[in-house]
There are 2 protein chains.
Amino acid sequence: MAGALNNKVQVQSLVDVVAERLEAAIISGQLEPGSRLSEQALAASLGVSRGPLREAIRRLEGRKLLERTPNIGVRVASLSLKDLNEILQVREALECLACSLAATNMSDTEIAALKKMLDDHENQKSVQENKGYYQETKNLDFHFRIVNGSGNDRLAHMLAGDLHYMLRVYRYRSGAQPGRAAEVLQEHRAIVAALEARDPKAAEDAMRDHLCRARRNVEQKLMMSESENL
Amino acid sequence: MAGALNNKVQVQSLVDVVAERLEAAIISGQLEPGSRLSEQALAASLGVSRGPLREAIRRLEGRKLLERTPNIGVRVASLSLKDLNEILQVREALECLACSLAATNMSDTEIAALKKMLDDHENQKSVQENKGYYQETKNLDFHFRIVNGSGNDRLAHMLAGDLHYMLRVYRYRSGAQPGRAAEVLQEHRAIVAALEARDPKAAEDAMRDHLCRARRNVEQKLMMSESENL
DNA sequence: GCATGGTCAACTGTTGACAGTTTTCTATCT
DNA sequence: AGATAGAAAACTGTCAACAGTTGACCATGC
């Protein structure tokens, strides 16, 4: 209640609202990769006219979440396996950069909070039973804390924004890794130790190691599920 | 003439044309960073209605070349020095990744063409007189050839697309470096040697060395021109 | 002279209509 | 039965009008 008169009213146009809605629908899978959007149906179901809807769609085109063919329509971006691998390569390079920068720029308080987080993770029942390693929502998860600690806002935006969303479109989640929980925790601890030592190179190497293992783990699962489809 | 009936007609909507025009105007500096766009004036001068213009603007918002304040209007994105440094950090990490991948993925033909390019560069009068190192247009320049040789299309798109444009908005050009031409050429040669040796680590290190030197050189110039403004 | 309130012009945001394009369906021919 | 042509339906692209918001300017009060 104290903040009611102290916070500027944030104006949101219909375009802003619609873009958020679309993004949420894409990320939740309600709008599936490759699926076609009908302006008329969407405008009707959202209760807006086609103008602001088109503008919202254009913004998401600019962010490559949607792809348009002139006179035909708009589809949700879909990722081939090649795309996925390419994005993962890019993301790995950027997360390693973030980790290296965090070794220099992250505050002692932030690093202590990271260690506490890992203690909490160790107490998770699912980690102890090696069932899975679940983290809080995006803004509080281990990786994003490090990215934010890099001090490079652009980088944080890229990793937490469009790259993150592209991977979510593909249902790619590296967080929960059944059967690998204890390893992940140890890898996280190695990363934090390097951050604490303020050693950018060690931090980068520890992160790269962790990400490669995570990617390999997921690749195995993808190959298994793709061979099940044949 | 042989291709006239063999190439599909590429449809371009007004939105596509207008977005290209806007982008070109931003990059050429006709629309300066921070400057305000008037829909009415732009629509009149481009001879289109405000609808497609707004859509084009939305796309460029999605690509972060333009920034909108609701009910106020749209400005060309402007970069602080902090922004510039951040983007350069990101770009460096990605160019090093590209170079590392190129060491594996670039064809022998492409590498030979790169060497030939450096021979041509060596014959440039301006390089010999240490006045500057000028390259062909973007698609043919040394860096972008390597990025394309990485085999990672997403990465190439990021480096040749939005990141490139963001830096161009700031008039950031790393290509021409008066007083450093011979050094740059040697650095380029070291990069190609590492590519030829198919050594990803050496290629990455050579590129990182080159980019750090280039950045430092430009930083010096920026500091000099900023102190001249005081 | 400064602060406040009101008005108006200029702008941005949205809507619905119309034009153009593509897809679907039907009829006809071979 | 398959191919072709034409019409209609459904869609996308654009336009112009209207509604809402903001900033500039002017008048009034202290």
Side-chain angles (χ1 to χ4, degrees), chain A residues 5 7-26 30-78, chain B residues 5 7-26 30-78:
Chain A
L5 298 181
N7 296 305
K8 287 191 181 178
V9 177
Q10 296 290 336
V11 178
Q12 266 199 315
S13 63
L14 279 190
V15 178
D16 296 324
V17 176
V18 170
E20 280 178 11
R21 288 277 187 92
L22 286 177
E23 184 176 314
I26 291 167
Q30 187 181 350
L31 292 176
E32 302 197 323
S35 64
R36 167 96 181 270
L37 271 59
S38 156
E39 284 179 17
Q40 320 236 31
L42 267 182
S45 68
L46 290 169
V48 298
S49 74
R50 284 172 48 229
L53 172 65
R54 292 177 63 84
E55 289 189 30
I57 287 170
R58 290 290 184 181
R59 185 189 288 173
L60 297 188
E61 276 178 58
R63 291 176 53 196
K64 301 201 192 321
L65 293 180
L66 295 173
E67 296 170 344
R68 180 188 294 268
T69 310
N71 287 319
I72 306 288
V74 174
R75 287 183 185 278
V76 179
S78 55
Chain B
L5 299 181
N7 296 307
K8 288 191 181 177
V9 176
Q10 298 288 337
V11 178
Q12 263 197 320
S13 63
L14 278 190
V15 179
D16 296 326
V17 175
V18 170
E20 281 177 11
R21 289 277 188 89
L22 286 178
E23 185 177 313
I26 290 168
Q30 186 181 351
L31 292 176
E32 303 196 326
S35 65
R36 168 94 182 271
L37 271 60
S38 156
E39 283 178 18
Q40 321 237 32
L42 267 180
S45 68
L46 290 168
V48 298
S49 74
R50 283 174 49 228
L53 172 65
R54 292 179 62 86
E55 291 189 28
I57 288 170
R58 289 292 183 181
R59 186 189 287 171
L60 298 188
E61 278 179 58
R63 292 175 52 198
K64 301 200 189 329
L65 293 180
L66 296 173
E67 297 169 343
R68 181 186 294 268
T69 309
N71 286 321
I72 307 288
V74 174
R75 288 183 184 278
V76 179
S78 55

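Because the structure is a prediction, the values reported are computed rather than measured. A, B, ... follow the sequence lines: proteins, then strands. Residue 1 opens every chain.
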Contacts of type side chain to side chain contact (heavy atoms under 4.5 Å, CB included), residue A:Ser38, not counting sequence neighbours: A:Gln40, A:Ala41
Non-neighbouring partners of B:Leu42 that pass side chain to side chain contact (heavy atoms under 4.5 Å, CB included), sequence neighbours left out: B:Leu22, B:Leu37, B:Ser45, B:Leu46, B:Leu53
Kindly give the heavy-atom pair with the smallest separation between [X] and [Y], and that separation in Å.
| X | Y | result |
| --- | --- | --- |
| A:Ala56 | A:Val18 | CB-CG1, 3.6 Å |
| B:Ala19 | B:Arg59 | CB-NH1, 4.1 Å |
| B:Gly34 | B:Ser78 | N-CB, 3.8 Å |
| B:Arg58 | A:Ser13 | NH2-OG, 4.3 Å |

Stepwise side chain to side chain contact (heavy atoms under 4.5 Å, CB included) check, A:Asp16 with A:Val11: CA-CA 9 Å; A:Asp16 296 324; A:Val11 178; over 6 Å; no
Residues in contact with DNA chain D, drawn from residues 41-60 of chain A - heavy-atom cutoff 4.0 Å: A:Arg50, A:Arg54
Interface residues of residues 64-72 of chain A with DNA chain D (non-hydrogen, below 4.0 angstrom): A:Arg68, A:Pro70, A:Asn71, A:Ile72
Stretch residues 13-23 of chain A: residues that reach within less than 4.0 Å of DNA chain C through a heavy atom: A:Ser13, A:Leu14, A:Val15
Nucleotides bounding contact with chain A, strand DNA chain D, heavy-atom threshold 4.0 Å: D:dC11 to D:dT14
Measuring from atom [atom1] of [X] to atom [atom2] of [Y], what distance do you get when rounded to the nearest 0.5 angstrom?
| X | Y | atom1 | atom2 | answer |
| --- | --- | --- | --- | --- |
| A:Glu67 | A:Arg75 | CD | CZ | 9.5 Å |
| A:Glu23 | A:Leu31 | CD | CG | 11.5 Å |
| B:Leu65 | B:Leu60 | CG | CG | 5.5 Å |

Please enumerate all residues that pass side-chain hydrogen bond (donor to acceptor under 3.5 Å, both in side chains) together with [X], with sequence neighbours excluded.
| X | result |
| --- | --- |
| B:Arg68 | B:Glu61 |
| A:Arg21 | none |
| B:Arg36 | none |
| A:Glu20 | A:Gln12 |

All pairs passing salt bridge (Lys or Arg N to Asp or Glu O under 4.0 Å) where residues 43-54 of chain A contributes a residue, at least two apart: A:Glu39-A:Arg50, A:Glu39-A:Arg54, A:Arg54-B:Glu55
DNA chain D: 5'-proximal contact among A:Val11 and A:Arg36 (nearest heavy atom): A:Arg36
For chain A, the stretch of DNA chain C it reaches, first to last nucleotide, under 4.0 Å of its heavy atoms: C:dT14 to C:dT23
Touch class at under 4.0 angstrom, heavy-atom based, for B:Glu39 against every strand present: sugar-phosphate
